Amino acid sequence: MGQRAMQEGEGWRIGWDGEATHYPGLLGGAHWAMELTAPEFQEICRLAQQLAQQMQAMADVLMDEESLTCDAESDLAWVEVNGFPNAFTLRFILQSGRRCEGAWDIAATGPLLRAMDTVFTQPF
């Protein structure tokens, strides 16, 4: 729990500070960032990864010009992906307490998801 990690790229940022008492998670975009509780952070990462997998699974059944919107929801967060299986946007809304919202464009989503996978697989 005590580990710290921060990754960022063009239009995205993700971080974890296991020593933070209330908001150990961080998600950010080009012009915004927010700190998240551990359950919020874990849930957004989980739902985003789930939706990315669904988008990839749909690649074989969609025509090249067909786009897709998928969303997933829990008590903590709502997450949506929109676009093509290999290029889509990602957006979320916190559904508890603060009701914050964040989004990433197509260029930022792929690298962010890869970083989420790295951070998400680390023990919390």
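All figures in this text were calculated on a predicted structure; none of them were measured in a lab.
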For this session: Using only heavy-atom distances, determine whether the side chains of Glu19 and Gln3 contain a donor-acceptor pair under 3.5 Å.
Result: no
Exercise. For the side chain of Thr89 and the backbone of Asn82, is there at least one donor-acceptor N/O pair under 3.5 Å apart?
Worked result: yes
Problem set entry | Validation row, ring centre Phe41 to ring centre Trp16 under 6.0 Å | yes
For this session: Please report the closest heavy-atom contact between Ala108 and Gly11, naming both atoms and the distance.
Result: CB-O, 3.7 Å
Problem set entry | Spacing of Asp105 atom CG and Leu112 atom CG [to the nearest 0.5 Å] | 10.5 Å
Problem set entry | Transitive ILVMFWY side-chain link Leu68 to Phe92, under 4.5 Å | yes
For this session: Decide yes or no for Leu27 and Trp12: does some side-chain heavy atom of the first lie under 4.5 Å from some side-chain heavy atom of the second?
Result: no
Exercise. What distance separates Leu90 CG from Met116 CE, expressed to the nearest 0.5 Å?
Worked result: 5.5 Å
Exercise. Any side-chain heavy atom of Met6 sitting closer than 4.5 Å to one from Leu26?
Worked result: yes
Exercise. Got a donor-acceptor contact below 3.5 angstrom from the Thr109 side chain to the Phe88 backbone?
Worked result: yes
For this session: Taking all non-hydrogen atoms of both residues into account, name the closest pair between Phe84 and Met55 and its distance.
Result: O-CE, 3.6 Å
Exercise. Given the rule that I, L, V, M, F, W and Y join up when any side-chain heavy atoms are under 4.5 Å apart, are Met34 and Ile14 in one cluster?
Worked result: yes
Seminar exercise, completed: Between Ala20 and Pro24 the two heavy atoms that sit nearest each other are CB-CA, 3.7 Å
Exercise. With distance as the sole test, does Gln53 use its side chain to make a donor-acceptor pair with the main-chain N or O of Gln50 at under 3.5 Å?
Worked result: no
For this session: Mark yes or no for whether Glu40, through its side chain, and Thr37, through its backbone, hold a donor-acceptor pair below 3.5 Å.
Result: yes
Exercise. Should we count CD of Glu10 as having more than 12 external heavy atoms under 6.0 Å?
Worked result: no
Problem set entry | In one Ile/Leu/Val/Met/Phe/Trp/Tyr side-chain cluster, 4.5 Å: Leu94, Leu76 | no
Exercise. Between Thr118 and Gln7, is any pair of side-chain heavy atoms under 4.5 Å apart?
Worked result: yes
Exercise. How far does OG of Ser74 sit from CD of Glu43, to the nearest 0.5 angstrom?
Worked result: 3.5 Å
Exercise. Is there a donor in the side chain of Arg46 and an acceptor in the side chain of Gln42, or the other way round, less than 3.5 Å apart?
Worked result: no
Exercise. Hey, are the side chains of Gln95 and Glu73 touching, using non-hydrogen atoms and a 4.5 Å cut-off?
Worked result: yes
Exercise. Given the rule that I, L, V, M, F, W and Y join up when any side-chain heavy atoms are under 4.5 Å apart, are Leu36 and Trp32 in one cluster?
Worked result: yes
For this session: Check the pair Glu80, Leu51 against side-chain contact (heavy atoms from CB on, under 4.5 Å), reporting the backbone distance first and the verdict last.
Result: CA-CA 8 Å; Glu80 176 189 72; Leu51 289 172; 5.6 Å; no
For this session: Look at the side chain of Trp104 and the backbone N and O of Ala30, then say whether any donor-acceptor pair between them is shorter than 3.5 Å.
Result: no
For this session: Would you give the length of the straight line joining atom CD1 of Ile93 to atom SG of Cys100, rounded to the nearest 0.5 angstrom?
Result: 10.5 Å
Exercise. Between atom CG of Leu113 and atom CD of Gln49, what is the distance when rounded to the nearest 0.5 Å?
Worked result: 5.5 Å
Exercise. How many angstroms lie between atom CD of Gln56 and atom CG of Asn86, to the nearest 0.5 angstrom?
Worked result: 7.0 Å
